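For clarity, every value in this text was computed on a predicted model and none was experimentally measured. The figures that follow rest on heavy atoms only: side chains count, while hydrogens, waters and symmetry mates do not. Each chain gets a letter, A, B and so on, in the order its sequence line appears, and its residues count up from 1.
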Amino acid sequence: MADILRGRARSRQGLFVGWIRALTPANSWPALAGLLVFAAMLALQQLIEPGTQRLLTSVFLFVALAQAWNIIGGYTGYASFGQVAFFGLGAYTVAVLMNNYHVSFWAALPLAVLVGVVFAVAIGLPLLRLRGHYFAIATLGAAEGAREVINNLTSVTGGGGGITIPTFGSDAPTPYFGKPGFYLAFLVLAAVSVVVAAVLARSRFGYAMVAVHEDEDAAGAVGINTTVVKVVAFGVSAAIVACAGAFYAFQQIEFYPTDVFDASFTVLMVIMVMIGGSGSVVGPLAGAVGLQLLSQFLRVNLGNFNQLIFGAIIVLVVVFFPQGVVTYLRDAWRTRHFSILDNVRRYRL
Amino acid sequence: MIAPSEVPSVPVLEVRHLAKRFGGLWALRDVSFSVSEGEILGVIGPNGAGKSTLVNLITGHARPTTGQVLIGGQDVTGQRPWVIAHDRVARTFQIVKPFRGLTVRENVAIGAMHGNERDRSVRDSLATADELLDLVGIAKHANAAPMQLSVADARRLELAKALATRPRLLLIDEVMAGLRHHEIESAVELIHRLRDAGITVVAVEHVMKAIVSVSDRILVLHHGSILTLGSPREVLSDPRVIEAYLGHRYVKRRSE
């Protein structure tokens with residue numbers, strides 16, 4: 001008994017060997033399923049028309065954004081309403097470098113991610129001391145501030161007049177990817193964000209994020225440096241969002257500060273995570289795919305009232321599945337208890 | 001416990017003139033004492049005596065207004081909780097603080113992942129958690145949600161979470177309050193086993209009877225100051241302690 005209180009003997013076995021040995025059919029199916037979906041999406045590209053390709057590209061974008069928001073807002077419990085700041089900064093970093101300095105996209109991309117992470121750490125250190133609504137409002141303000149800075153740095157960013165990335169002829173630092181290219185780019189981005197989230201969630205750091213979410217005093221008491229956990233989670237989230245912003249900028253070619261600092265990006269991230277179910281990997285994935293496809297379906301089939309119906313559906317889902325659809329299904333499946341009314345009672349009363 | 005002939009060693013915990021003020025109220029005032037390795041120190045006092053504040057000041061969950069906290073001779077005053085935890089000091093909370101979204105096993109494993117002598121992998125930590133759950137006697141609830149546990153089991157979970165960080169000094173904040181008689185007995189036995197495993201224990205308790213049977217020495221706090229510090233027998237026979245706990249009318253009635 002005394003032994004376990006002092007620590008366990010360390011094996012010399014490498015960490016990865018341990019990982020691979022730990023794989024069983026039961027716990028490796030999510031990875032296999034993910035690979036299959038990825039392969040299917042690659043194959044699908046050859047079969048679908050350009051319109052559908054564009055739709056799926058936007059689905060992939062939101063999968064990445066939702067996964068990113070979930071890392072800080074879901075797992076760590078800090079609901080950021082300023083994630084679009086990293087999106088806009090990533091977009092503008094790429095555009096400014098490509099347009100003003102003729103830097104290739106692939107060289108600009110890591111710098112865009114770096115700018116996003118640096119900004120996240122800079123605002124995270126003071127703001128992550130705030131909790132709940134205060135953090136939400138402060139991040140919202142930080143994002144508005146970032147947009148205004150870009151808006152007013154006219155000599156560099158073109159200000160409110162927008163910015164254009166040269167994409168044709170010898171002016172282009174990197175040839176335009178085209179629809180198929182961006183389909184692939186955003187598919188890979190989505191896949192990377194899902195893998196990052198899944199690996200994080202199963203790591204020590206993932207448990208630390210959940211602990212911080214649940215109770216910071218208790219987390220500190222078991223040796224978790226809560227400041228580091230919060231700032232790193234915010235930084236990882238910002239890196240993914242900035243990366244998405246960079247690809248988005250190149251895809252759009254021409255845009256304005258109001259486009260890439262549009263707060264509705266943040267709102268969509270939040271809604272997708274909440275609808276799907278926060279604090280899991282599948283929840284935001286399902287939320288992003290479901291809402292983006294639903295929104296498109298309504299737009300095509302319902303005409304003028306599509307946004308109204310879309311909003312009404314979101315309200316209904318939030319009322320009946322406050323914990324998120326995926327979380328509800330998982331819990332219901334485990335307990336074999338599917339009553340939706342009971343579910344509402346459990347979370348509302 | 002400590003014989004005079006023993007070589008004086010650095011105390012595991014030393015508190016010097018510790019004080020904490022909340023606005024106009026001194027929750028703790030000029031508290032000094034030290035705890036030797038392998039000792040079990042009981043801390044008692046009526047509600048509002050400053051017991052939990054004392055624990056919070058030691059573990060970095062609150063900053064002292066004045067005074068010092070030394071762990072193993074090193075000044076750790078005002079350090080953050082995780083720094084103290086990495087100095088091999090663990091604690092439980094009076095109002096239990098489980099990580100609700102995780103299973104009981106995962107709750108304990110977190111301490112093994114982030115405390116001292118960390119396990120190499122999440123899997124190892126989960127295995128450690130199982131052993132500790134067995135030690136505190138709630139192994140059968142390993143897969144349960146912490147909110148499903150009874151009061152007594154939730155306290156045991158707090159203890160297992162703290163032990164997973166591999167402490168040399170364990171501060172327990174009222175793990176026995178609200179427990180039934182036989183549950184208190186098993187808690188007392190567990191504390192003795194922890195001491196035998198080389199852990200120094202500071203046990204804050206409201207339940208006088210339990211603390212007397214478990215402690216080598218007892219510190220009595222009253223209105224934020226030390227009323228007395230001594231062996232259980234000395235403390236129990238001190239009229240000031242009886243008065244603080246039971247009121248002066250009780251003392252008068254007894255002397256009549």
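- Most heavy-atom pairs under 4.5 Å with chain A, from the set B/Val122, B/Thr165, B/Leu163: that is B/Val122.
- The part of B/Ile199 that comes within reach of chain A is its side chain, from C-beta onward, which places non-hydrogen atoms under 4.5 angstrom from that chain.
- When all heavy atoms of B/Ala160 and B/Leu133 are compared, the pair lying nearest together is CB-CD2, 4.4 Å.
- Heavy atoms closer than 4.5 Å to chain A are found in both the backbone and the side chain of B/Arg100.
- The side-chain tip of B/Lys161 does not point at the ring of B/Phe93 from less than 6.0 angstrom away and within 45° of straight on.
- Note on ring orientation: taking the six-membered ring where Trp is involved, the planes of A/Tyr328 and A/Phe321 are tilted (angle from 30° to 60°).
- A salt bridge links B/Asp153 to B/Arg156: at least one charged side-chain nitrogen sits closer than 4.0 Å to a carboxylate oxygen.
- Only the backbone of A/Ser203 comes within contact range of chain B, with heavy atoms under 4.5 Å apart.
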